[in-house]
Amino acid sequence: FTQSWFGSHFLSERPTSVTPGCASYSRDANNAVYFPCGMVTNALFNDTIIPLEFVISKNGITFPRYVDEKFVEPSQEVQTRINNETVPPPAWSSSVYSLEGGMQNQGFMSWHSTSAFPNFRKLYGIVNGTITARTYNFTVIYNYPVTSVGASKFISFGTTAWMGGQTAGFLSYSYLICGILIAITTFVIIVIHFPFKYRNTKTYLTQPY
């Protein structure tokens with residue numbers, strides 16, 4: 001699942017081509033190419049979450065490299081080909097260009113940074129301000145079905161610290177612990193190495209003839 005997408009589509013290149021990784025989400029019954037193709041793209045989270053007491057910004061929720069290099073808006077000529085020769089993924093009601101910002105929609109980019117675990121969080125937006133601990137009300141436009149597959153979804157608030165989000169969970173702590181262990185191992189090897197560096201060194205004296 002995590003590899004079922006086509007990077008050339010995100011670059012707005014080769015719109016009528018597909019990759020084997022897209023599998024059954026490559027073409028429809030009429031052999032028209034799904035654009036963008038792949039299971040990851042087809043499963044894009046498309047609920048709309050509207051807080052009633054504060055504003056959510058959708059900018060700054062993905063890697064700058066994705067914005068600058070990995071997802072590119074097409075030229076007018078390419079977009080015409082996409083509109084005329086391809087179809088949206090089967091779970092979508094309209095094309096990728098119906099999203100706010102089109103291919104540069106940061107929620108779309110963030111979704112394609114797939115998680116290593118089945119239980120995961122995705123950054124939906126940023127609250128530019130301070131919110132207090134209390135009950136908040138949201139309007140949710142429910143488009144993304146999960147009960148049919150035994151899954152669930154929830155809204156989570158988190159704050160960022162020097163090591164990332166406080167809700168980052170197991171993966172961030174694993175990286176931190178592994179980094180500490182590597183640093184300790186490197187230090188121990190250096191300490192052991194220097195006292196024995198010249199122990200087995202032999203000096204040979206030669207006499208010129």
Side-chain angles (χ1 to χ4, degrees), residues 1-23 25-26 33-49 55-79 81-82 86 88-89 91-92 94-129 144 153 155-180 182-183:
F1 173 85
T2 59
Q3 299 300 316
S4 183
W5 48 270
F6 191 23
S8 291
H9 281 183
F10 302 149
L11 293 170
S12 298
E13 298 173 350
R14 302 165 61 192
T16 57
S17 300
V18 292
T19 178
C22 288
Y25 292 88
S26 299
V33 170
Y34 290 128
F35 184 90
C37 73
M39 288 185 283
V40 178
T41 304
N42 185 65
L44 176 69
F45 180 79
N46 60 348
D47 280 0
T48 301
I49 302 171
V55 177
I56 291 178
S57 171
K58 298 295 185 67
N59 294 321
I61 63 173
T62 191
F63 301 111
R65 183 169 60 93
Y66 280 24
V67 178
D68 298 334
E69 301 175 16
K70 297 295 185 181
F71 293 79
V72 178
E73 283 291 284
S75 64
Q76 187 59 50
E77 178 184 354
V78 173
Q79 186 160 352
R81 288 189 62 198
I82 293 169
T86 68
W92 291 32
S94 56
S95 78
V96 65
Y97 301 107
S98 65
L99 300 174
E100 183 182 353
M103 196 66 78
Q104 286 274 297
N105 182 281
Q106 294 197 18
F108 179 73
M109 298 179 193
S110 177
W111 182 257
H112 287 87
S113 299
T114 50
S115 172
F117 302 101
N119 298 323
F120 60 91
R121 294 179 173 90
K122 284 289 181 182
L123 188 58
Y124 183 81
I126 298 174
V127 179
N128 293 314
Y144 195 78
K153 53 188 175 179
I155 298 172
S156 172
F157 288 92
T159 56
T160 55
W162 65 271
M163 61 174 295
Q166 293 183 359
T167 56
F170 171 78
L171 196 60
S172 59
Y173 291 109
S174 298
Y175 289 154
L176 180 61
I177 292 170
C178 287
I180 292 172
I182 291 171

S.K.: Do V96 and L44 have side chains that approach each other closer than 4.5 Å (heavy atoms only, starting at C-beta)?
M.R.: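 With C-beta onward as the side chain, the pair stays apart.
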S.K.: Could you pull out the closest heavy-atom pair between I82 and P15, with the gap in Å?
M.R.: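 Answer, listing the atom of I82 first, then P15: CG1-CB, 3.6 Å.
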S.K.: Can you tell me how far apart CH2 (W111) and CG (N105) are? Round to the nearest 0.5 Å.
M.R.: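 Spacing of CH2 (W111) from CG (N105) equals 13.0 Å.
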S.K.: Would you mind reporting whether V72 and M103 have side-chain heavy atoms less than 4.5 Å apart?
M.R.: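 With C-beta onward as the side chain, the pair stays apart.
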S.K.: Mind checking whether F108 and F10 have ring centres under 6.0 Å apart?
M.R.: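 Centroid separation for F108 and F10: below 6.0 Å.
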S.K.: Would the distance check show the side chain of K70 and the main-chain N or O of F63 forming a donor-acceptor pair, the cut-off being under 3.5 Å?
M.R.: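 Absent.
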S.K.: Are I180 and I177 side-chain neighbours, meaning at least one heavy-atom pair lies under 4.5 Å?
M.R.: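 When only atoms from C-beta onward are counted, I177 and I180 do not touch, as no gap falls below 4.5 Å.
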S.K.: Mind checking whether I126 and I61 have side chains closer than 4.5 Å, heavy atoms only?
M.R.: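 Heavy-atom side-chain distance check passes, below 4.5 Å.
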S.K.: Which heavy atom of V67 sits nearest a heavy atom of Q104, and at what distance?
M.R.: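 For V67 versus Q104, the nearest heavy atoms are O-NE2, 3.1 Å.
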S.K.: Looking only at non-hydrogen atoms, find the nearest pair between G38 and C22 and report the distance.
M.R.: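 Minimum heavy-atom contact is N-SG, 3.5 Å.
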S.K.: Testing the basics here: between S156 and R121, what is the closest heavy-atom pair and its distance to 0.1 Å?
M.R.: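 Shortest heavy-atom contact: OG-NE, 3.6 Å.
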S.K.: Does any non-hydrogen side-chain atom of H9 lie less than 4.5 Å from one of T41?
M.R.: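 No, too far: nothing below the 4.5 Å cut-off.
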S.K.: Please report the closest heavy-atom contact between S26 and C37, naming both atoms and the distance.
M.R.: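 Smallest heavy-atom distance, with atoms named: CA-CB, 4.3 Å.
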S.K.: Taking the six-membered ring for Trp, is the centroid-to-centroid distance between Y34 and W92 below 6.0 Å?
M.R.: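 Not under 6.0 Å, so no.
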S.K.: Once you round to the nearest 0.5 Å, how far does CZ of R81 lie from CZ of R14?
M.R.: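 Output value for this atom pair is 11.5 Å.
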S.K.: In Å, rounded to the nearest 0.5 Å, how long is the span from CD1 of I155 to CD1 of I49?
M.R.: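 So the CD1 of I155 and the CD1 of I49 are separated by 4.5 Å.
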S.K.: I need the minimum non-hydrogen distance between P88 and S94, along with the two atoms involved.
M.R.: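 Smallest interatomic distance, heavy atoms only, reads CB-O, 3.5 Å.
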S.K.: State, with a plain yes or no, whether a side-chain heavy atom of Y97 is found less than 4.5 Å away from one of F35.
M.R.: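 They are in contact (side-chain heavy atoms under 4.5 Å apart), so the answer is yes.
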S.K.: Measuring from F71:CZ to Q106:CD, what's the distance to the nearest 0.5 Å?
M.R.: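 Interatomic distance, F71 CZ to Q106 CD, rounded to 0.5 Å: 10.5 Å.
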S.K.: Check the pair F45, K122 against side chain to side chain contact (heavy atoms under 4.5 Å, CB included), reporting the backbone distance first and the verdict last.
M.R.: CA-CA 10 Å; F45 180 79; K122 284 289 181 182; over 6 Å; no
S.K.: Count the heavy atoms belonging to other residues, nucleotides or ligands that lie under 6.0 Å from CG of N119, then report whether that count exceeds 12.
M.R.: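 Counting other residues, nucleotides and ligands, CG of N119 stays at 12 neighbours or fewer.
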S.K.: If you define the side chain from C-beta out and look only at heavy atoms, does anything of K58 sit under 4.5 Å from Y124?
M.R.: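 The answer is yes; the side chains approach within 4.5 Å.
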